[in-house]
Amino acid sequence: MIEKPKVEVCFTPNMFPLYAEDFEVVVVIDVLRATSAICTAFHYGVDKIIPVSTLDQAIEYKDKGYYVAAERKGKIVSGFEFGNSPLSYTNDKLKDQTLVLTTTNGTKAINMAKDIEHLLIGSFLNLDAICNYLIELNKSVLILGSGWENKFCLEDSICAGAISEQLLKTNKFESNNDSTIAAKYLFLSAKSNYFGYLKASSHRKRLKKLNLNEDIKYCLTPNQTDVIPVREDYYLKKL
Ligand code: 3SL
């Protein structure tokens, strides 16, 4: 019998090495807010995004004249013009430009998976587009949540569950993995009201304190773009 491709979920970046060898397709998710910001920036015309893990790397790019976005703990890092709010990219300021991005967790997770052949960026914003592409690709998929400082986070796990559910219900994928089942159940209990479900979650509270409720609502609204960001070389581009 021909085996079906599998779908698995890795909840935190520090668990990624346990899975890495088995997958040539990885979808990195940081719903609040890095991967939502990336999808939005591409949707509004950014040409390339270079994800960097450290502020030192970001400063080096800034000194070379690049546009650089830097976020730590939800805030724009002082000295940088751009941050990680997806809503701040809903304009054509950076159309056709290259943006360098560093964030607390999301860009680190992306860079952890940089050697994977098909590295894709997922979020609720491009949910159907990414699922349709994965179905077409027909290869085993690992969904990697960015978490918060290597700890579990609810919003990425719910989005991982939404992707898993869409793939599994086609009957073209299979999963024998408890993390996928857990993610799927979290998605099923959250799906009627993501915003309400996440009320007590740590990052929703963190962003609310920074008056970023509008960002949260936007990031939790599925299917606002068909953009599928993929890694090519050291940068991300639109598929
Ligand atoms: O952790 C990250 O990469 C960020 O997305 C966090 S924040 O939403 O900008 O606070």
Side-chain angles (χ1 to χ4, degrees), residues 3-39 49-58 71-73 84 100-123 126 130-131 133-134 137-165 167-168 173-187 201-203 228-237 239:
E3 273 184 29
K4 294 179 187 178
K6 55 188 176 183
V7 49
E8 286 197 25
V9 175
C10 174
F11 287 122
T12 62
N14 61 354
M15 290 204 289
F16 178 67
L18 300 175
Y19 298 83
E21 264 186 19
D22 298 337
F23 292 88
E24 43 184 309
V25 183
V26 172
V27 180
V28 179
I29 295 176
D30 184 5
V31 168
L32 298 175
R33 296 168 294 168
T35 60
S36 302
I38 290 169
C39 291
I49 296 182
I50 304 175
V52 298
S53 300
T54 68
L55 285 175
D56 284 346
Q57 289 168 300
E71 168 277 331
R72 286 295 180 270
K73 303 208 184 290
N84 193 30
V100 176
L101 174 68
T102 183
T103 70
T104 310
N105 306 287
T107 55
K108 287 184 191 129
I110 293 168
N111 284 328
M112 274 197 90
K114 70 179 175 12
D115 294 328
I116 297 291
E117 188 177 342
H118 302 273
L119 169 59
L120 315 172
I121 301 300
S123 66
N126 66 347
I130 202 122
C131 290
Y133 180 67
L134 292 170
L137 211 51
N138 196 36
K139 288 177 186 288
S140 292
V141 181
L142 180 71
I143 307 162
L144 171 62
S146 300
W148 183 263
E149 295 177 339
N150 271 320
K151 293 182 181 161
F152 177 91
C153 92
L154 204 47
E155 64 277 5
D156 293 346
S157 308
I158 291 170
C159 186
I163 297 173
S164 305
E165 162 77 351
L167 299 187
L168 292 169
F173 289 80
E174 65 184 3
S175 173
N176 297 313
N177 174 269
D178 285 3
S179 59
T180 311
I181 300 170
K184 206 178 103 171
Y185 281 125
L186 285 173
F187 159 67
S201 71
S202 56
H203 203 41
I228 301 172
V230 295
R231 180 193 58 78
E232 175 156 311
D233 210 347
Y234 61 94
Y235 56 84
L236 304 170
K237 61 162 197 152
L239 189 72

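For the single chain, residues carry numbers from 1 onward in sequence order.
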Would you compute the distance between atom [atom1] of [X] and atom [atom2] of [Y] and round it to the nearest 0.5 angstrom?
{"X": "Ile143", "Y": "Phe23", "atom1": "CD1", "atom2": "CZ", "value": "9.5 Å"}
{"X": "Ser146", "Y": "Ile110", "atom1": "OG", "atom2": "CD1", "value": "6.5 Å"}
{"X": "Lys4", "Y": "Asn138", "atom1": "NZ", "atom2": "CG", "value": "11.0 Å"}
{"X": "Asn150", "Y": "Phe11", "atom1": "CG", "atom2": "CZ", "value": "14.5 Å"}
{"X": "Ile228", "Y": "Ile121", "atom1": "CD1", "atom2": "CD1", "value": "11.5 Å"}

Please report the shortest heavy-atom distance between [X] and [Y], naming the atom on each side.
{"X": "Lys184", "Y": "Leu168", "value": "CD-CD1, 4.1 Å"}
{"X": "Gly147", "Y": "Asp156", "value": "N-OD2, 3.2 Å"}
{"X": "Pro17", "Y": "Met112", "value": "CD-CE, 4.2 Å"}
{"X": "Val31", "Y": "Cys159", "value": "CG2-CB, 3.5 Å"}
{"X": "Val52", "Y": "Thr107", "value": "O-OG1, 3.0 Å"}
{"X": "Ser164", "Y": "Ala160", "value": "OG-O, 2.7 Å"}

When you measure from the side chain of [X] to the backbone of [Y], do you find a donor-acceptor pair of N or O atoms at a distance under 3.5 Å?
{"X": "Ser175", "Y": "Lys6", "result": "no"}
{"X": "Thr35", "Y": "Gly122", "result": "yes"}
{"X": "Ser157", "Y": "Ala183", "result": "no"}
{"X": "His203", "Y": "Leu32", "result": "yes"}

### CA sep, side-chain torsions, deciding dist, call: Trp148, Thr104, side chain to side chain contact (heavy atoms under 4.5 Å, CB included)
CA-CA 8 Å; Trp148 183 263; Thr104 310; 4.0 Å; yes
Could you give me the CA-CA distance, side-chain angles and deciding distance for Gln57 and Thr102, then say whether side chain to side chain contact (heavy atoms under 4.5 Å, CB included) is met? CA-CA 9 Å; Gln57 289 168 300; Thr102 183; over 6 Å; no
Original post:
Which residues satisfy the salt bridge (Lys or Arg N to Asp or Glu O under 4.0 Å) test with Glu174, sequence neighbours excluded?
Top reply: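 If we apply the salt bridge (Lys or Arg N to Asp or Glu O under 4.0 Å) test to Glu174, skipping adjacent residues, there are no hits.
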- Query: What residues form a salt bridge (Lys or Arg N to Asp or Glu O under 4.0 Å) with Arg231, not counting sequence neighbours?
  - Reply: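 In terms of salt bridge (Lys or Arg N to Asp or Glu O under 4.0 Å), with neighbours along the sequence ignored, Arg231 is linked to no residue.
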Going by the rule side chain to side chain donor-acceptor pair (under 3.5 Å), which residues pair with Asn177 if we only count those two or more places apart in sequence or in a different chain?
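Listed in chain order: Glu8, Ser179, Thr180.
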Task: Partners passing side chain to side chain donor-acceptor pair (under 3.5 Å) against Asn14 (at least two apart in sequence or in another chain) - done: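 With neighbours one apart ignored, the set is Thr12.
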Does some side-chain heavy atom of Cys39 sit less than 4.5 Å from a side-chain heavy atom of Pro229?
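The answer is yes; the side chains approach within 4.5 Å.
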Q: Please examine the side chains of Tyr133 and Val27, heavy atoms only from C-beta on, and report whether any two atoms are closer than 4.5 Å.
A: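 A side-chain contact is absent here, since even the closest heavy-atom pair is not under 4.5 Å.
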Go through Asp22 and Ser140 one step at a time and tell me if the side chain to side chain contact (heavy atoms under 4.5 Å, CB included) criterion holds. CA-CA 8 Å; Asp22 298 337; Ser140 292; over 6 Å; no
Requested in this report: Would you mind telling me which of Leu134, Leu239, Val26, Leu236 makes a side chain to side chain contact (heavy atoms under 4.5 Å, CB included) with Leu120?
Outcome: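 Of the listed residues Leu134, Leu239, Val26, Leu236, the side chain to side chain contact (heavy atoms under 4.5 Å, CB included) partner of Leu120 is Leu134.
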Residue of the set Asn126, Asp30, Leu101 for which side chain to side chain contact (heavy atoms under 4.5 Å, CB included) holds with Ile38:
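Passing option: Leu101.
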Going by salt bridge (Lys or Arg N to Asp or Glu O under 4.0 Å), name the pairs with one or both residues in residues 139-153, residues two or more places apart or in two chains.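 Found Glu24-Lys139, Lys73-Glu149.
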Please enumerate all residues that pass ring-ring contact (aromatic ring centres under 6.0 Å, His included) together with Tyr185, with sequence neighbours excluded.
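In terms of ring-ring contact (aromatic ring centres under 6.0 Å, His included), with neighbours along the sequence ignored, Tyr185 is linked to no residue.
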Item to complete: Could you give me the CA-CA distance, side-chain angles and deciding distance for Asn84 and Thr103, then say whether side chain to side chain donor-acceptor pair (under 3.5 Å) is met?
Response: CA-CA 7 Å; Asn84 193 30; Thr103 70; 4.9 Å; no
Hey, mind stepping through Val141 and His118 against side chain to side chain contact (heavy atoms under 4.5 Å, CB included) and telling me if it holds?
CA-CA 9 Å; Val141 181; His118 302 273; over 6 Å; no
Residues Arg33 and Ser123: side-chain donor-acceptor under 3.5 angstrom: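 Checked: Arg33/Ser123 side chains show no N/O donor-acceptor pair below 3.5 Å.
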